[in-house]
Amino acid sequence: MKHRPANTVIVLDFETTGLSPNQGDRAIEIGAVRLEDGQIKDRFQRLMYPGRRISGFIESYTGISNQMLSDAEPASKVMAEFADFIEDFNLVAHNASFDSKFLISELARTDHNSAYLFACSMLIARRLYQDAPNHKLGTLVRFKSLPTDGTFHRALADAEMTTHLWLAMLEDISTRYGIDQADFALMQKLGKTAKHSSHQFLLKHAVTG
DNA sequence: TGCCAGGCCCTCTTTAGGGCCTT
């Protein structure tokens, strides 16, 4: 039987042709990290052909060219492989609402289930790091002095930076609130909050239940 | 370069508007 650590999450990031699958945008790259008990155990990165040319803006923004995509496998094939990679583990992304809608949209083109639970590192960071200049991923990486190879807006590089941010937040929450180990359920709760609660109240409430 | 959308959150709010964040 396959070993399944209790505290395993998949941290993922999509590069896409634009902001909205409802407007016809497609994924062009998926990058992800399998994090088991705080250790990176596996990585996944694939380009995928979206069925049409991408804009010059996206080429410039991501560094992914039309030439690179012309040699890539179709999205449906890549997403089927990715579904096998993520199994049924919980998912983490920076601004998870964005990656969630692309995951649902692309998996809908395959016969794979897309009923995953997401936690959003951006929403948690907004509560935890209120003195950060802003809560863009790159800013938070610099703010927390997290590891980076200097690559931004590529799927695996962004997923790895999000992984380090996730680990830093787990540690900071445990240290700040004196709990043994922050887990996915707590982090997901911190990303879904009632309005009009102060951040301090919210964190303490989430920790104490 | 920044628009497209959408969820979240703040405030000059809740019968609303606008900024943030993702590509």
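Chain letters run A, B, ... following the sequence lines, proteins first and then strands; every chain starts at 1.
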**Student:** Applying side chain to side chain donor-acceptor pair (under 3.5 Å), can you list everything that pairs with A/E73, at least two apart in sequence or on another chain?
**Tutor:**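 Counting only residues at least two positions away or on another chain, A/E73 forms a side chain to side chain donor-acceptor pair (under 3.5 Å) with A/K77.
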**Student:** If you measure from the P atom in B/dC10 to the same atom in B/dC4, how many Å do you get, rounded?
**Tutor:**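 My reading of the P atoms in B/dC10 and B/dC4 gives 23 Å.
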**Student:** Map A/S55 and A/N22 onto DNA chain B by nearest heavy atom, then report which one ends up closer to the 5' terminus.
**Tutor:** A/S55
**Student:** I'd like the C1' distance from B/dG17 over to B/dT1, given in whole Å.
**Tutor:** 25 Å
**Student:** For the pair made of CD1 in A/I124 and C1' in B/dC20, what is the distance, rounded to whole Å?
**Tutor:** 17 Å
**Student:** What residues form a side chain to side chain donor-acceptor pair (under 3.5 Å) with A/S65, not counting sequence neighbours?
**Tutor:** none
**Student:** Please tabulate the protein-to-nucleotide N/O contacts below 3.5 Å involving nucleotides 21-23 of chain B, giving atom names and distances.
**Tutor:**
{"residue": "B/dC21", "atom": "OP1", "partner": "A/H135", "partner atom": "N", "Å": "2.5"}
{"residue": "B/dC21", "atom": "OP1", "partner": "A/H135", "partner atom": "ND1", "Å": "3.4"}
{"residue": "B/dC21", "atom": "O2", "partner": "A/N95", "partner atom": "ND2", "Å": "2.8"}
{"residue": "B/dT22", "atom": "OP1", "partner": "A/L137", "partner atom": "N", "Å": "2.8"}
{"residue": "B/dT22", "atom": "O4'", "partner": "A/N95", "partner atom": "ND2", "Å": "2.9"}
{"residue": "B/dT23", "atom": "OP1", "partner": "A/D158", "partner atom": "OD2", "Å": "3.4"}
{"residue": "B/dT23", "atom": "OP2", "partner": "A/Y61", "partner atom": "OH", "Å": "3.1"}
{"residue": "B/dT23", "atom": "O3'", "partner": "A/E15", "partner atom": "OE1", "Å": "2.7"}
{"residue": "B/dT23", "atom": "O3'", "partner": "A/T16", "partner atom": "N", "Å": "3.1"}

**Student:** Could I get the full list of side chain to side chain donor-acceptor pair (under 3.5 Å) partners for A/S97, not counting sequence neighbours?
**Tutor:**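 Listed in chain order: A/N95.
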**Student:** Apart from A/M122 itself, what residues make up its hydrophobic cluster, given side-chain heavy atom links below 4.5 Å?
**Tutor:**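 Result for A/M122 is A/L123.
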**Student:** I'd like the C1' distance from B/dC12 over to B/dG18, given in whole Å.
**Tutor:** 12 Å
**Student:** Would you please classify the geometry between the A/F14 ring and the A/F82 ring as parallel, tilted or perpendicular, with 30° and 60° separating the classes?
**Tutor:**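 Plane angle over 60°, so perpendicular.
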**Student:** Would you measure the distance from the C1' atom in B/dG19 across to the matching atom in B/dT13 and give it in whole Å?
**Tutor:** 15 Å
**Student:** Who are the ring pair (Phe, Tyr, Trp, His ring centres under 6.0 Å) partners of A/F98, not counting sequence neighbours?
**Tutor:** A/F102
**Student:** Can you measure A/D25 atom CG to B/dG6 atom P for me and round it to whole angstrom units?
**Tutor:** 11 Å
**Student:** Round to the nearest Å and state the distance from A/F102 atom CZ to B/dG6 atom P.
**Tutor:** 11 Å
